[in-house]
A.B. asks: 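Following this message is one structure expressed as structure tokens.
Because only heavy atoms are used, hydrogens play no part in the values below, and waters and symmetry mates are left out as well, while side chains stay in. So that the names make sense, note that chain A is the first sequence line, chain B the second, and so on, each numbered from 1.
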Amino acid sequence: MELKIFGFALLTGALGSMLGIGGGVLLIPVLTVMLGLPIHSTIGASIVGVIATSTAAGVVQVERGLSHTRLAMVLEIATTLGAIAGGLTAVWTPERGLEGLLALVLVGVVWEMGRGEGAGRAVGPTGIFDTEFVDPQTGQKVRYGICHFPVGMATSFLAGAISGLLGIGGGIIKVPMMTLVMGMPLRAAIATANLMIGVTAATSAIIYYNRGFVQPSIAVPVALGILVGAQVGVRVGGKLQVRWLRLLFRLLLLVFSIQMAYKALLS
Amino acid sequence: MSQPNQLADDSREVGRVVFAALLGGLAFSVVLLLTGVVLAVASGQGLPDEVPPFGELFEDVMALRPAGFLALGLIALMLTPLLRVLGTFIISLVERDWTYVLVTGMVLAIMIGSILLGKG
């Protein structure tokens, strides 16, 4: 069983990192539907995996100066409060409730991924949280600030709550929020969201751990598998057609959302 | 900087501390987890379904029981982001950057609050 979990975690970790998504959003339905594990345990394991990937990616992004650590820290006030609310709610929510909610979120992710990335327009320096980074692709220095800060705080709370409730990283909410609403450049948004994800996930993970939802037999193969998978994904990702991978990922999520909805409503 | 702004840019120091906290925490936890897995495989029992209570962790590690290493590795991984926030808090104190001390202090307080709330 542990080897199977490790294998699935490795695959979703690789696929996730190629697409710039944590992979938890795919891993939870895979473990729940295909291996029949209880959803509370898969959520507990996934949140540990989310911390592992966020930390590993953070090491690289912080060193390159891509993440806006100050902005991340301010928004983390909202995401961690959300994570506590979500984590405590998850503990008291029956399996079917969580399965139904996950089905809904999966459909949302499928829709969100279809809109393509980079739709936002970076607003440049605004006088609020102004900073700069060197774009690794163009080698140019990009200077930017943010706008609509209160909306960002409110959305961060919501992203934190969903992360704590379902054990996913929530980058799928945070990245569009930062590019579309706050006007950040995509690269900086991804790196900043990633930093926030680690702290948010740790906050609800502590609640899960204390309630016995972090089972070593599931969480350890998940954490190690996702870590190895993400490294593999980074190395082979550039050589593959991301367009087809995205399509495959969305198709998988759609299938799993139907299965989760079926589990929640009929089983 | 064109405009005075309390929450504008990072100091080099903060970036270095965040980097060290993330890398150190991750490396430490992976070593513990791998040790636990090797011990579990060697004992032929597979990975445990439950984590031992906090009070028995140290004893389990000293006795080379896999559950102790695995639980400690998972805890180290979960505390790595907390370590990053703590490091930033301390650096801000040293640099007398009071706005940032307040912000990191609040995040720290919320995270510690989750430890207390989780127990119930």
A.B. asks: Measuring heavy-atom distances to chain B, does A/Ile84 have an atom under 4.5 Å in its side chain, in its backbone, in both, or in neither?
C.D. replies: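 A/Ile84 touches chain B through side-chain heavy atoms alone.
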A.B. asks: Less than 4.5 Å to any heavy atom of chain B: does that hold for the side chain of A/Ala83, its backbone, both, or neither?
C.D. replies: neither
A.B. asks: Taking the six-membered ring for Trp, are A/Phe149 and A/Phe129 closer than 6.0 Å centroid to centroid?
C.D. replies: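 Yes, ring centres under 6.0 Å apart.
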A.B. asks: Among B/Ile112, B/Leu79, B/Val107, B/Ile110, which residue forms the greatest number of heavy-atom pairs with chain A at distances under 4.5 Å?
C.D. replies: B/Ile110
A.B. asks: Heavy-atom distance under 4.5 Å to chain A: side chain of B/Ile75, backbone, both or neither?
C.D. replies: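 Just the side chain, heavy atoms under 4.5 Å.
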A.B. asks: Is a salt bridge present between A/Asp130 and A/Arg70, judged by a nitrogen-to-oxygen distance below 4.0 Å?
C.D. replies: no
A.B. asks: Counting only non-hydrogen atoms closer than 4.5 Å, does B/Thr88 touch chain A with its backbone (N, CA, C, O), its side chain (CB onward), both, or neither?
C.D. replies: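 For B/Thr88, side-chain heavy atoms alone lie under 4.5 Å from chain A.
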A.B. asks: Using 30° and 60° as the class boundaries, would you call the ring planes of A/Phe213 and A/His40 parallel, tilted or perpendicular?
C.D. replies: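 Plane angle under 30°, so parallel.
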A.B. asks: Side chain, backbone, both or neither: which part of A/Glu76 has a heavy atom under 4.5 Å from chain B?
C.D. replies: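 Both parts, heavy atoms under 4.5 Å.
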A.B. asks: Given a strict heavy-atom distance threshold of 4.5 Å, which part of A/Ile47 is in contact with chain B: side chain, backbone, both, or neither?
C.D. replies: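 Neither part; nothing is under 4.5 Å.
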A.B. asks: Could you look at A/Ile77 and say if it's the side chain, the backbone, both or neither that has a heavy atom under 4.5 Å from chain B?
C.D. replies: both
A.B. asks: Provide the closest heavy-atom pair for A/Gly167 versus A/Tyr208 in the form atom of the first, atom of the second, distance.
C.D. replies: N-OH, 4.1 Å
A.B. asks: Do you know the tightest heavy-atom contact between A/Glu2 and B/Leu47?
C.D. replies: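 Closest pair (atom of A/Glu2, atom of B/Leu47, distance): OE2-N, 3.0 Å.
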A.B. asks: Tell me, side chain or backbone of B/Thr104 under 4.5 Å from chain A's heavy atoms, or both, or neither?
C.D. replies: both
A.B. asks: Select, from B/Leu82, B/Leu74, B/Val30, B/Leu33, the one with the greatest count of heavy-atom pairs under 4.5 Å involving chain A.
C.D. replies: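 If we count pairs closer than 4.5 Å to chain A, B/Leu74 comes out on top.
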A.B. asks: Please flag which part of B/Leu23 lies under 4.5 Å from any non-hydrogen atom of chain A: side chain, backbone, both or neither.
C.D. replies: both
A.B. asks: Can you establish whether the number of heavy atoms outside B/Glu50 located under 6.0 Å from its atom CD is more than 12?
C.D. replies: no
A.B. asks: Around B/Phe19, counting heavy atoms of other residues, nucleotides and ligands shown, do more than 12 lie under 6.0 Å from its CZ?
C.D. replies: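 For B/Phe19, atom CZ is crowded (more than 12 foreign heavy atoms under 6.0 Å).
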A.B. asks: For the candidates A/Ala52, A/Ala202, A/Pro216, which exhibits the highest count of non-hydrogen atom pairs separated by less than 4.5 Å from chain B?
C.D. replies: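 Heavy-atom pair counts peak at A/Pro216.
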A.B. asks: Are a donor atom and an acceptor atom from the side chains of B/Asp49 and A/Ser217 found within less than 3.5 Å of each other?
C.D. replies: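 A pair is found: one side chain offers a donor N or O, the other an acceptor, under 3.5 Å apart.
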A.B. asks: Does any backbone or side-chain atom of A/Ala205 lie under 4.5 Å from a heavy atom of chain B? Answer side chain, backbone, both or neither.
C.D. replies: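 The answer is both parts of A/Ala205.
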A.B. asks: Considering only heavy atoms, which portion of B/Ala71 lies under 4.5 Å from any heavy atom of chain A: side chain, backbone, both, or neither?
C.D. replies: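 Its backbone and side chain both get close to chain A.
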A.B. asks: Let me know if A/Leu195 has heavy atoms under 4.5 Å from chain B in its side chain, its backbone, both or neither.
C.D. replies: both
A.B. asks: What is the minimum heavy-atom distance between A/Thr192 and A/His68, and which atoms define it?
C.D. replies: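 Residues A/Thr192 and A/His68, closest heavy atoms: OG1-N, 3.0 Å.
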A.B. asks: Within the distance-only criterion (no hydrogens, no angle test), does the side chain of B/Thr80 pair as donor or acceptor with the backbone N or O of B/Ala76 below 3.5 angstrom?
C.D. replies: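 Yes, the answer is positive, given that a donor and an acceptor are paired below the 3.5 Å cut-off.
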